[in-house]
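The structure presented is a predicted model; accordingly, all values stated were derived computationally and were not measured. We name chains A, B, ... by the order of the sequence lines, and we start the count at 1 in each one.
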Amino acid sequence: MAKEAFPHKEVEKKWQERWMRDETYRSQEVEGKPKKYVLDMFPYPSGEGLHVGHPKGYIATDVFSRHARMQGHEVLHPMGWDAFGLPAENYALKHKAHPRAAVEKNIATFKSQLARLGFDYDWSREINTTDPAYYHWTQWIFLKLLEQGLAFESEEPINWCPSCKTGLANEDLDGNACERCGTPVEKKRLPQWVLKITEYADRLLVDLDTLNWPEHIKEAQRNWIGRSEGAELDFAITGTDEKIAVFTTRPDTLFGVTYVVLAPEHPLLQSAYRNLIPIKNFKEVHAYAVTAAGKTEIERGAEGKEKTGVKLEGVMAVNPATKEEVPVFVADYVLGSYGTGAVMAVPAHDERDYAFAKKFGLSISRVIEGGNLPFTGDGVLVDSSEFSGKGNREVMGDIVAYAGGKKAVRYKLRDWVFSRQRYWGEPIPVIHCEKCGTVPVPYEDLPVTLPEVESYEPTGTGESPLAAIDSWVNTTCPKCKGPGKRETNTMPQWAGSSWYYLRFMDPGNDGALVSTKAEKYWAPVDMYVGGAEHATRHLIYARFWHKFLYDISVVSTLEPFARLASVGLILAEDGRKMSKRFGNVINPDDVVAEYGADAFRLYEMFMGPFENATAWSTSSIAGTARFIERVWRLQEKVADESRARLDKALHETIKKVGEDIEAFKFNTAVSQMMVFVNAAEKEGEIGKEQWRSFLKVLAPFAPHMTDELWERLGEDGSIHQASWPAYEPALLAASEAAVVVQVNGKRRGEAVLAADASEADALAAARKIDTVATALGDAEPKRVVYVPGKIINLVV
RNA sequence: GCCGAGAUGGCGGAAUGGCAGACGCACAGGGCUUAAAACCCUGAGAUGGCCUAAAAACCUUCGUGUGGGUUCGAGUCCCACUCUCGGCACCA
């Protein structure tokens, strides 16, 4: 055999073509065969193309899925494109191209880049969210949500990005800025479609416990959902029939309430209700409320900012526990969109109320002992009528009952603002009719396709560019057959990605979202891999839609993604984020051309723990390329007879690599294979059977080279359809081992002992060692700790 | 402020309570070579000592963010801190 370097270019080309030709990675439902559905978060095909950070997760799922296949699972490992939405559209605007043309070009680029890495995707299942046959079902889900009362029209002010010229959901914000472009958002009142994700808040929270997900992702979702347990209490307004309902998590402090605060959005402050309560300075109050309500939450001031507010002159509220009257304020530190839009203020035991009371000179009354004011801890109640002297936590429920309130649970999660005033998205399938109101497009008329337009630039007026196309907008009402106008807003970027994992199970099905047969076989996704930045966006939306689809019997599982791994970033060599802006982007094409796809794959898996952010290192990839070459050269050392001394290392490698892949600990799997190759080189020869087993273990990581070496061994078919080797437990346990001898916990020598040597034998052997005898001196061991095969410690 | 994850050589990192630093990078010395690259071999946590012309070898002590504790034995378990990264944040 020639002493050639590994000709990676030819080998990659040869096997990539052969896998394609033989449909090596085609997946199908096979009755009775165990399945594994392994999924990457599918990419937005941006114009930038892939940099070396993108494939890290794809390599991991590739290794994982190849291992699963070799273990006898039917594997589904698909790929597709999330091509609607702002990134694609903004790219198209910038490059003066139609979004569709840009998307097609970008997909071609992405696909060719991915192809070079030798992934085992079943490309026959490729999907694209902008394909009408796909978004047919995105629209179908919307109609079902509408049918079930979970989609509704709202005129509430929403967050508006003046740069992207569209409304945004809460999840699309980064603080007070548009998550996409960083522009601060404004409040804007627009007719909007909103999805009632809040109806699912509790289930989204509780079912997190059933998921095998990283703790930080689950915690991010718990924070986002923000469940609070407390109580709702009514404060009657003196001299009227009105009352102010407040939500509080601290009903135990009810006896310390010295005023009540309404949010600027509170209904009692609106002009329409002005006669309900006797606000003497209504004009002033109303003006303050209108101004404050028009500001975004961030503009209204974060924690620490000086509080503002106006007293409602002539209005007093009655504390339901003490029957005392307290003044009422409007202040922008109270949010209209949370709780009841009104709070009871307890300045002695709440920092915000304390700051407000100090500024406005309001009274402060302590009802819990301990600490300086404001005291937010727990303690013994005082000045709390019959509850005085009791622990505040113990009597919380009793105080609620005493005050005639009721227990209540509130969430921070907001409903999903679902309309976008942009062109490049799924049209929302409803028709507005003067006579019938809002009418859903009949299911049989789906999909409502996106029309071709001259100008798809956003108008900025709050109208979608679609509104300018009269021929498309003007239609007939499905109900009364009179004139109707189409909804011109489109769906957000997250719509198509909220259910795509279902489409992969049954792509191209025009008759249903997914067939029951396919869904029953493949669901749920067994392993889902992607970036942690989706924790409170995509991952929460997809869970919401999935639970809804479960409720209407489209899917059979409560959760879409049973297990999740979040991929750590690959930083540039300079430690910064890889970005065109910094000029530090590394293109995988260049790396593959120089070092080969297998070395690239191995390197990204070897860099460090999968979830860690790690800087790219060109010299380190040279190391894995060296490893590839050493394996390649090992083919010259293959002998007919197995080398007994390699057996232990081999079987350890089979065991560890398999377990590490399963646990997503690829870095230690790679290092174990290096350990084995080191041992084989030292041995000078490797038996043919041992070589076969080792190639199989390496195959998920280095699919091209291993298939080539497999063929050179004279094997038929692809190594990737061979079965994973079994390890022999008997070979793992060494018959004898070097046992460390310690005296008082300090290493003094070692003794080679049989694995089953008795303590007496071990002690005798230990005593024979000079250094041990010296350390012992005349002393007799008071105690001997013996762990067979590991250690013997003599305590004197 | 609340919540989560983490801190180990020059670097990435490894280690079911049992020889800390596997594996790799970078580095140093040597081999091969006319030379270089490639490749191969060897070395290396720190400090002090011993022997030395110098080194190797050998020995001592220290050593996994800090301070305590449990244990025959702690990177690993417990308590209290410091710092870094991430999520939430005027959510009552």
Side-chain angles (χ1 to χ4, degrees), chain A residues 3 5 175 214-228 230 246-251 253 261 263 297-298 300-305 307 331-346 349-353 355-356 376 410-414 532-533 535-536 566 568 602-603 606-609 611-624 626-627 629-630 633 665 667-678 681 738-750 771 781-787 789-796:
Chain A
K3 208 168 175 152
E215 196 50 41
H216 68 277
I217 304 272
K218 292 208 258 188
E219 202 54 32
Q221 291 209 352
R222 287 189 195 107
N223 285 338
W224 190 258
I225 294 165
R227 179 189 157 99
S228 293
V246 304
F247 173 71
T248 180
T249 55
R250 295 295 305 276
T253 62
V261 195
E297 281 170 19
I298 295 292
R300 276 159 67 163
E303 213 173 339
K305 192 180 154 184
K307 307 256 179 293
D332 66 1
Y333 80 91
V334 176
L335 305 175
S337 52
Y338 181 78
T340 59
V343 302
M344 58 179 225
V346 187
H349 304 291
D350 182 279
E351 285 171 21
R352 297 150 302 182
D353 297 341
F356 190 85
T376 56
R410 297 288 155 146
Y411 300 91
K412 285 197 268 186
L413 186 71
R414 306 291 161 80
E533 70 273 16
T536 55
S566 71
L602 221 30
Y603 171 60
F606 185 56
M607 286 179 91
E611 294 215 355
N612 276 21
T614 316
W616 181 264
S617 160
T618 302
S619 54
S620 290
I621 193 177
T624 50
R626 255 194 299 267
F627 171 72
E629 292 292 343
R630 286 165 60 196
R633 270 182 264 132
K665 286 159 72 175
N667 56 330
T668 48
V670 174
S671 91
Q672 179 62 39
M673 291 188 284
M674 289 172 167
V675 168
F676 177 74
V677 169
N678 288 346
E681 282 179 345
V739 173
V740 171
V741 181
Q742 295 181 337
V743 177
N744 282 340
K746 284 211 159 54
R747 181 185 198 277
R748 295 297 173 187
E750 66 179 42
T771 46
K782 276 192 299 218
R783 186 173 165 193
V784 176
V785 181
Y786 175 51
V787 183
K790 286 258 163 85
I791 202 162
I792 179 164
N793 188 11
L794 315 182
V795 185
V796 295

Of the nucleotides [options], which one has an atom closest to the side chain of [X]?
| X | options | value |
| --- | --- | --- |
| A:S620 | B:G4, B:A92, B:C25 | B:C25 |
| A:S619 | B:A92, B:G18, B:C25 | B:C25 |
| A:E219 | B:C3, B:A15, B:A5 | B:C3 |
| A:K665 | B:C23, B:A15, B:G4 | B:A15 |
| A:F247 | B:G24, B:C72, B:A92 | B:A92 |
| A:A220 | B:A92, B:G18, B:G87 | B:G87 |
| A:M674 | B:G24, B:G4, B:G18 | B:G24 |
| A:D350 | B:G18, B:C23, B:A92 | B:A92 |
| A:F606 | B:G13, B:G18, B:C23 | B:C23 |
| A:V675 | B:A14, B:C23, B:C72 | B:C23 |

Next item on the list: Kindly indicate whether the side chain of A:N793 and the base of B:C72 share any N or O donor-acceptor pair separated by less than 3.5 Å?
Entry: yes
Notebook entry, point to check: So does A:K790 reach the base of B:C19 with its side chain, donor to acceptor, closer than 3.5 Å?
Noted result: no
[N] phosphate, OP1 or OP2: any side-chain N/O from [X] under 4.0 angstrom?
| X | N | answer |
| --- | --- | --- |
| A:R250 | B:A92 | no |
| A:N678 | B:G24 | yes |
| A:S228 | B:A92 | yes |
| A:Y338 | B:A92 | yes |
| A:N667 | B:A14 | yes |
| A:R626 | B:A26 | yes |

In whole angstrom, give me the gap between the [atom1] atoms of [N] and [M].
| N | M | atom1 | value |
| --- | --- | --- | --- |
| B:A15 | B:A20 | C1' | 8 Å |
| B:G12 | B:G67 | P | 23 Å |
| B:G49 | B:U34 | P | 46 Å |
| B:C40 | B:C83 | P | 47 Å |
| B:C19 | B:G75 | P | 10 Å |
| B:G17 | B:C78 | P | 12 Å |
| B:C90 | B:U84 | P | 23 Å |
| B:U82 | B:G68 | C1' | 15 Å |

Notebook entry, point to check: Just by distance, do the side chain of A:D353 and the backbone of A:V346 share a donor-acceptor pair under 3.5 Å?
Noted result: yes
Next item on the list: For the pair A:F356 and A:Y333, name the ring-plane relationship: parallel under 30°, tilted 30 to 60°, perpendicular over 60°.
Entry: tilted
Taking atom [atom1] of [X] and atom [atom2] of [Y], what is their separation to the nearest 0.5 Å?
| X | Y | atom1 | atom2 | answer |
| --- | --- | --- | --- | --- |
| A:T618 | A:Y603 | OG1 | OH | 7.5 Å |
| A:Y786 | A:L794 | OH | CG | 12.0 Å |
| A:I791 | A:Q742 | CD1 | CD | 3.5 Å |
| A:R630 | A:R633 | CZ | CZ | 8.0 Å |

Please classify the nucleic acid contact of [X] as base, sugar-phosphate, or nothing, using heavy-atom distances under 4.0 Å.
| X | value |
| --- | --- |
| A:V343 | base |
| A:V334 | base |
| A:Q742 | base |
| A:R227 | nothing |
| A:P609 | sugar-phosphate |
| A:G623 | sugar-phosphate |

Note to self: Any donor-acceptor pair under 3.5 Å linking the side-chain atoms of A:N793 with those of A:R783?
What the structure shows: no
Margin query: Could you check whether A:E219 pairs with A:R222 (Lys NZ or Arg NE/NH1/NH2 to Asp/Glu carboxylate O, under 4.0 Å)?
Written below: yes
Note to self: For Watson-Crick and G-U wobble pairs within 3.5 Å on both distances, what is RNA chain B written in dot-bracket notation, | included for inter-strand pairing?
What the structure shows: (((((((..(((.....[....))).(((((.......))))).((.((........)).))..(((((..]....))))))))))))....
